[in-house]
Amino acid sequence: MNAAPDRLRDPFAWNCVIAIAFLAACLVRITIPSAPYFDEVHYVPAARAVLALEWARNIEHPPLAKQIIALGIAVFGDTPFGWRFMSVVFGTLALFAAMRGMWFASQTRAASLLTGLFVATNFLLFVHSRIAMLDVFMVAFLMLAGWMFAASLRENETARWRLAIAGIALGCAMASKWNAIPLAVLPGLAFLAARWSAGRRRLILSARGWPIGGMTLWEAGIWLGLVPLITYAATFWPFLFWQTDAGASGGLGAIHQQMLAMQTQVPQSHPYQSRWWDWIIDRRAIWYLYENVDGAQRGVMLIGNPAVMLPGLVALGWCGWNGWQSRAEAVRWDCIAVVTIYVASLALWLVAPKAVQFYFHYFLSSMALSAALALGVEHLRTSGSRLLAWLISLGALAFFIYWFPILTAAPLDDPQDFLKWAWTTGWR
């Protein structure tokens with residue numbers, strides 16, 4: 001954790017304002033299109049199956065995110081609002097948790113607020129907060145876990161209940177989508193590495209030393225290891241009611257064998273598929289929607305905000321260098337953390353046996369990239385380059401405003417209007 005400044009000004013109220021503004025923006029045309037689009041055609045029927053406790057659908061992914069979508073349908077009805085409202089809620093939670101996590105990690109008011117700006121305008125969080133897909137739930141739970149973990153390191157007296165929440169959130173993230181696994185193991189590994197470096201003779205039983213005084217390694221292992229696994233397993237409760245081949249032949253083990261087989265199968269190629277090097281340079285977009293629906297030509301485009309993604313790469317490099325060069329008495333753990341999260345989330349797709357990959361698999365990495373940009377712009381602001389800091393910040397907001405119609409399925413004047421935003425061949 002960074003050393004705290006002498007006078008702290010917690011930006012909690014402004015974090016709330018940013019989150020509420022984001023929620024309000026997400027609700028614009030939330031019921032358009034009025035029919036399921038893109039991957040909603042898989043997940044909305046799967047959520048309906050949860051409510052009906054019938055034959056399992058979309059077995060290749062864990063069940064929790066589909067259960068949450070089902071909750072929205074149960075409360076608000078089987079309507080576009082019911083399908084998508086829980087995504088709005090969890091997208092807002094992801095944004096708020098990212099800001100709070102940055103505050104506890106850096107103790108820098110501006111970095112927390114800038115994290116809110118860049119995460120809210122990076123396009124990936126906003127688009128996924130308006131569609132009934134699984135990714136936003138996974139990201140929200142991981143951001144919540146990161147917030148609780150950072151706060152437990154900053155305020156050791158609250159560590160026990162915060163780590164309990166973090167453990168549950170990590171289990172829920174994995175139970176939403178397996179992409180969370182590389183990040184879900186990081187808090188436990190970080191605690192182990194910190195306690196090991198503290199040089200305690202009784203590594204397992206000692207409650208002294210960094211990162212949390214008064215907590216033993218074995219207790220941290222319960223909160224950050226056992227609790228996530230129990231939480232993950234508990235989310236499979238619908239399989240107690242479903243009569244599936246996997247459920248009848250071996251319980252959770254057989255279900256997971258079937259899930260893994262479906263994840264690693266080789267499907268047909270897709271016109272929007274891409275690879276990790278395309279994601280880094282913001283090269284390949286996905287058109288979640290582009291057709292005449294609900295009385296007008298409309299579109300929903302997924303690409304990273306160029307004013308966030310490209311400067312974010314420079315900021316990420318600065319964070320890596322700054323974290324590496326920082327001295328022992330003032331280690332930039334916030335910089336090290338965002339680089340670690342980015343690398344771990346992206347490294348999965350270098351080795352994952354998934355033949356067809358898409359830009360939305362960069363979602364987790366984009367959250368870390370946005371946080372890195374916040375730290376980089378905060379450095380510019382405090383080092384005298386205020387004009388450049390303002391240009392980057394206002395540029396991200398300006399691009400978001402310009403893209404807003406094609407992020408929210410606004411009515412377009414002409415079928416060729418997509419060219420206003422599809423600037424490159426890879427974006428078409």
Side-chain angles (χ1 to χ4, degrees), residues 1 61-65 67 94 97 101 104-105 137-237 239 251-253 255-257 259-260 263 333 336-338 340-345 347-348 351-352 364 367-368:
M1 311 299 291
H61 293 295
L64 181 59
Q67 294 165 5
F104 282 106
F137 303 103
M138 170 192 68
V139 169
F141 284 122
L142 285 175
M143 294 301 105
L144 174 60
W147 167 19
M148 290 294 107
F149 185 67
S152 70
L153 301 186
R154 182 67 65 184
E155 300 175 351
N156 286 185
E157 67 277 10
T158 67
R160 190 161 282 111
W161 65 264
R162 289 188 187 276
L163 288 190
I165 295 174
I168 293 171
L170 292 173
C172 289
M174 294 187 292
S176 297
K177 208 168 183 182
W178 280 355
N179 303 14
I181 293 175
L183 297 190
V185 301
L186 290 182
L189 291 177
F191 195 104
L192 172 61
R195 187 54 58 86
W196 190 295
S197 68
R200 308 308 305 174
R201 287 185 300 173
R202 297 183 303 160
L203 178 64
I204 305 298
L205 299 178
S206 175
R208 296 181 178 181
W210 196 62
I212 297 175
M215 180 173 290
T216 61
L217 182 60
W218 69 263
E219 182 184 353
I222 291 175
W223 298 126
L224 299 175
L226 183 60
V227 168
L229 292 176
I230 293 174
T231 302
Y232 173 83
T235 63
F236 282 81
W237 64 267
F239 288 88
L252 280 177
I255 292 170
H256 281 75
Q257 288 179 0
M259 291 168 63
L260 183 61
Q263 285 285 344
W333 292 113
I336 293 172
V338 296
T340 302
I341 293 169
Y342 180 87
V343 171
S345 58
L348 168 67
V351 298
L364 274 174
M367 299 292 285

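Every heavy atom of this structure was used, including side-chain atoms; hydrogens, water molecules and symmetry mates were not.
A pairwise comparison of heavy atoms in Ser345 and Leu364 identifies CB-CB, 3.9 Å as the closest pair. Residues Ala145 and Leu170 approach most closely at CB-CD2, 3.5 Å, considering heavy atoms. Across Pro182 and Ala344, no two heavy atoms sit closer than the pair CB-O, 3.8 Å. When every heavy atom of Ala94 is checked against every heavy atom of Ala140, the shortest pair comes out as CB-CA, 3.7 Å. When every heavy atom of Thr235 is checked against every heavy atom of Ala175, the shortest pair comes out as OG1-CB, 3.3 Å. Considering all non-hydrogen atoms of both residues, Leu217 and Arg195 come closest at N-NH1, 4.0 Å.
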* Test side chain to side chain contact (heavy atoms under 4.5 Å, CB included) on Thr231 and Met174 and set out the steps. => CA-CA 9 Å; Thr231 302; Met174 294 187 292; over 6 Å; no
* Verify side chain to side chain contact (heavy atoms under 4.5 Å, CB included) between Leu163 and Met215, making sure each step is shown before the conclusion. => CA-CA 11 Å; Leu163 288 190; Met215 180 173 290; 3.4 Å; yes
* To do: Determine, step by step, whether His61 and Lys177 satisfy the side chain to side chain contact (heavy atoms under 4.5 Å, CB included) criterion, reporting the C-alpha distance in whole Å, the side-chain angles of both residues, the deciding distance to 0.1 Å, and the verdict.
  => CA-CA 6 Å; His61 293 295; Lys177 208 168 183 182; 3.8 Å; yes
* Test log, rule side chain to side chain contact (heavy atoms under 4.5 Å, CB included), inputs Leu142 and Phe137 -> CA-CA 9 Å; Leu142 285 175; Phe137 303 103; over 6 Å; no
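The side-chain hydrogen bond (donor to acceptor under 3.5 Å, both in side chains) contacts involving residues 138-149 comprise nothing, where partners must be two or more places apart or lie in separate chains.
Rounded to the nearest 0.5 Å, atoms CH2 (Trp218) and CH2 (Trp223) are 9.5 Å apart. In this structure, CZ on Arg160 lies 10.0 Å from CD1 on Ile222, to the nearest 0.5 angstrom. For the atom pair CD1 (Ile212) and CZ (Arg162), the distance works out to 10.5 Å, reported to the nearest 0.5 Å. Between the CE atom in Met148 and the CG atom in Leu224 there is a gap of 13.0 Å [rounded to 0.5 Å].
Checked against ring pair (Phe, Tyr, Trp, His ring centres under 6.0 Å), Tyr232 has the following partners two or more places apart in sequence or in another chain: Phe236, His256.
Each of Val185, Leu186, Ile181, Asn179 was compared with Leu183 under the side-chain contact (heavy atoms from CB on, under 4.5 Å) criterion, and only Leu186 meets it.
Taking the side chain as every heavy atom from C-beta outward, Phe104 and Glu155 approach each other to under 4.5 Å. Proximity of Ile168 to Pro228: side-chain heavy atoms (C-beta onward) are nowhere separated by under 4.5 Å. Side-chain contact between Leu64 and Phe141: present, with at least one pair of heavy atoms (C-beta onward) separated by less than 4.5 Å.
A cation-pi contact, defined as under 6.0 Å to the ring centre and within 45° of the axis, is absent between Arg154 and Phe149.
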